[in-house]
Amino acid sequence: MLYIGIDLGTSAVKLLLMDGGGKIHNIVSKEYPLYFPHPGWSEQNPEDWYEQTIDGIRELIKGTDASQVAGISFGGQMHGLVALDKEDKVIRPAILWNDGRTAKETDYLNQVIGKEKLSEYTANIAFAGFTAPKLLWMKENEPENFAKIAKIMLPKDYLAYCLSGVHCTDYSDASGMLLMDVKNKCWSKEMTEICGVTEEQLPRLYESYDVVGTLKPELAEETGLSREVKIIAGAGDNAAAAVGTGTVGDGMCNISLGTSGTIFISSRNFGVDDNNALHSFAHADGRYHLMGCMLSAASCNKWWNEDILGTADFAAEQAAITKLGENQVFYLPYLMGERSPHNDPKARGTFIGMTMDTTRADMTQAVLEGVAFGLRDSLEVARKLGVKIERTKICGGGAKSPLWKKIIANVMDLKVDVIESEEGPGYGGAILAAVGCGEYGSVEEAAGKLVKVIDTVEPDKELVAKYEERYQKFKNIYPAVKGLFQKLS
């Protein structure tokens, strides 16, 4: 049988067709606009996601025996607020994960409600990108729209609803709303009351591999798929990417270099760090994970190359980089503010250390290293919890760069395992579809059989030592300029 994994990203939806043995038969990508109506705001139209997804499905299965497609599942951008009215129409553009408008609401939740209470209710504290602060913002600034809300959806769950007619979400994605009791896997009554919503306005919770419904008859006819195609709940993009890289079970690690950057550590048991610097979320394998998330990762490299240097030849820019571990230029990768571990929506991208002999290559190198150092910040929090990590998988667009993988390995002092498929969330979504359709008995079994490591980037002791010295300097920069960010905003 065949399975479709849908990766609903920030810049495009990527669809992947996989067979039961893990072979990828086709990949299709469809872009859509991203809107910035005010500085620091970030929105998209959910209808664009749906239209491009349907077009993508038709293109994906062209020339294929469509009757062999058994299931569809998802990995999707997290935290976005999709508000539907009583007729299931979208009320306003979706407010995305990297939107920074909710500083006031985030401060209210963390300072007035209190971080201890939030952690008790949800296992997490408030971050500007989470869904609950967005609801409070909408309640305060768009009361007429807020009053119309009949269902509160996450981005990939809006797609699942469009395909199946079922209002659903999964535990991993719902963990990032600040509305779910992560430990007990249920909606938090306290948080719904704080946000002025009811449990009836929230979708039903599922495990990521659960079947939520079947394809709508009219969509089956439109796409050429069978009416029996199962729609499986899916997962937040990072949990789906973790499935796609085999980061399931206990003590496994995955680093994602996508638009955002994450370090994802899977665990059989629920756990929270004392300062809530890392997110404590449910995992798509039915268990839990810790995650550090930076809002700008590969997007920093894209911005630097395309918008500043005016080139799309990223490899050529990196070819000039030769002095690893010796760069005197540092870069703070906070173009959209920062989440883990600083939780500062006012933080901004910053270069420091330039001199008259600084080169273009030095600046490019600083961008790559700044993202790696930012991820190292979250790794250090996990290490203080006693988590012992010796190796990591890697995925995302940035993982296509051999140089960046080498920098990651040496900044983190981790062995970096490269897997056969770099299509993390989409591949993870297809694996979840296969599990939901009964092809495999569990997510761990499927990932164990389908995910193959084809190369490992080993850290070099001499380079690790050089980067350790650089990191110790890097981690002093943000505290030194934090107050300046507040004044500049």
Side-chain angles (χ1 to χ4, degrees), residues 1-33 47-76 155-156 158-165 209 211-235 237 240-241 243-245 258 395-397 399-400 419-440 446-447 449-452 454:
M1 303 303 289
L2 297 171
Y3 306 95
I4 295 175
I6 298 176
D7 174 12
L8 182 67
T10 312
S11 57
V13 61
K14 185 179 285 188
L15 301 96
L16 179 151
L17 186 65
M18 181 194 85
D19 65 29
K23 180 182 176 182
I24 297 173
H25 289 252
N26 197 11
I27 295 174
V28 169
S29 184
K30 297 284 186 180
E31 295 184 353
Y32 31 69
E47 293 92 341
D48 291 343
W49 304 332
Y50 172 68
E51 290 171 6
Q52 295 305 316
T53 297
I54 295 302
D55 284 349
I57 288 174
R58 282 195 289 256
E59 187 175 332
L60 186 74
I61 63 172
K62 191 174 182 179
T64 300
D65 182 357
S67 68
Q68 292 299 300
V69 177
I72 299 173
S73 193
F74 315 85
K156 71 148 186 10
Y158 174 74
L159 282 187
Y161 162 73
C162 289
L163 296 182
S164 69
Y209 45 82
V211 177
V212 302
T214 54
L215 189 64
K216 288 180 178 179
E218 61 269 29
L219 289 181
E221 185 173 341
E222 183 179 346
T223 60
L225 295 173
S226 164
R227 295 187 180 190
E228 305 303 315
V229 170
K230 293 180 173 64
I231 308 300
I232 288 85
D237 52 5
V243 171
T245 60
C395 67
K400 292 177 171 64
I419 59 171
E420 187 174 44
S421 169
E422 295 180 344
E423 306 295 336
Y427 197 57
I431 290 174
L432 291 171
V435 175
C437 291
E439 183 91 32
Y440 296 93
K449 290 182 177 178
L450 301 183
V451 179
K452 299 174 178 64
I454 58 171

Checklist entry - Taking all non-hydrogen atoms of both residues, which atom of Ala70 and which atom of Met1 are closest, and how far apart? => result CB-CE, 3.8 Å
Item to check | Check: Ile4 and Val229 side chains under 4.5 Å, non-hydrogen atoms | outcome: no
Checklist outcome for this item: Of all heavy-atom pairs linking Thr10 and Tyr32, the shortest is O-CE1, 3.7 Å
Checklist entry - Looking only at heavy atoms, what is the nearest atom pair of Cys437 and Ile232, with distance? => result SG-CD1, 4.1 Å
Next on the checklist: Whether the side chain of Tyr440 engages the backbone of Ala447 through a donor-acceptor N/O pair (distance < 3.5 Å, no angle test) should be reported.
Outcome noted: no
Checklist entry - Any idea which heavy atoms bring Lys156 and Ala233 closest together, and the distance? => result CE-O, 3.5 Å
Next on the checklist: Show, in sequence, the C-alpha distance, side-chain angles and deciding distance for Phe74 and Ile231, and conclude whether the side chain to side chain contact (heavy atoms under 4.5 Å, CB included) test is met.
Outcome noted: CA-CA 9 Å; Phe74 315 85; Ile231 308 300; 3.8 Å; yes
Item to check | Closest non-hydrogen atom pair between Val435 and Ala446, with its separation | outcome: CG2-CB, 3.8 Å
Item to check | Approximate separation, where rounding is to 0.5 Å, of Ser73 OG and Lys230 NZ | outcome: 13.0 Å
Item to check | Close side-chain approach of Pro33 to Asp48, heavy-atom, < 4.5 Å | outcome: yes
Checklist entry - Rounded to the nearest 0.5 Å, how far apart are CG of Leu225 and CD1 of Ile61? => result 4.0 Å
Next on the checklist: For a 4.5 angstrom cut-off between non-hydrogen side-chain atoms, does Tyr427 reach Leu450?
Outcome noted: yes
Next on the checklist: Applying the side chain to side chain contact (heavy atoms under 4.5 Å, CB included) criterion to Leu17, which one of Ile24, Leu2, Ile57 satisfies it?
Outcome noted: Leu2
Checklist outcome for this item: Correct closest heavy-atom pair for Gly75 and Ala240 would be CA-CB, 3.6 Å
Next on the checklist: I'd like to check Val69 versus Tyr3 (side-chain heavy atoms, cut-off strictly below 4.5 Å). Are they in contact?
Outcome noted: no
Item to check | ring pair (Phe, Tyr, Trp, His ring centres under 6.0 Å) partners of Tyr161, counting only residues at least two apart | outcome: His167
Checklist entry - Any side-chain heavy atom of Thr223 sitting closer than 4.5 Å to one from Ile54? => result yes
Item to check | Side-chain heavy-atom pair Ile27, Lys14 within 4.5 angstrom cut-off | outcome: yes
Item to check | Gap separating the OG atom of Ser67 from the CD atom of Glu228, nearest 0.5 angstrom | outcome: 12.0 Å
Checklist entry - Are side-chain heavy atoms of Leu60 and His25 found at a separation under 4.5 Å? => result no
Checklist entry - Checking side chain to side chain contact (heavy atoms under 4.5 Å, CB included) for the pair Leu16/Asp7: CA distance, chi angles, key distance, verdict? => result CA-CA 8 Å; Leu16 179 151; Asp7 174 12; over 6 Å; no
Checklist entry - What do the steps show when you test Ser164 against Ile72 for side chain to side chain contact (heavy atoms under 4.5 Å, CB included), and what is the final call? => result CA-CA 10 Å; Ser164 69; Ile72 299 173; over 6 Å; no
Item to check | Distance, nearest 0.5 Å, that separates CH2 of Trp49 from CD of Glu47 | outcome: 9.5 Å
Checklist entry - Under the side chain to side chain donor-acceptor pair (under 3.5 Å) rule, what pairs show up with a residue in residues 51-60, not counting sequence neighbours? => result Lys30-Glu59, Asp55-Arg58, Arg58-Glu222
Checklist entry - Would a 4.5 Å heavy-atom cut-off, applied to side chains only, mark Asp237 and Leu8 as touching? => result no
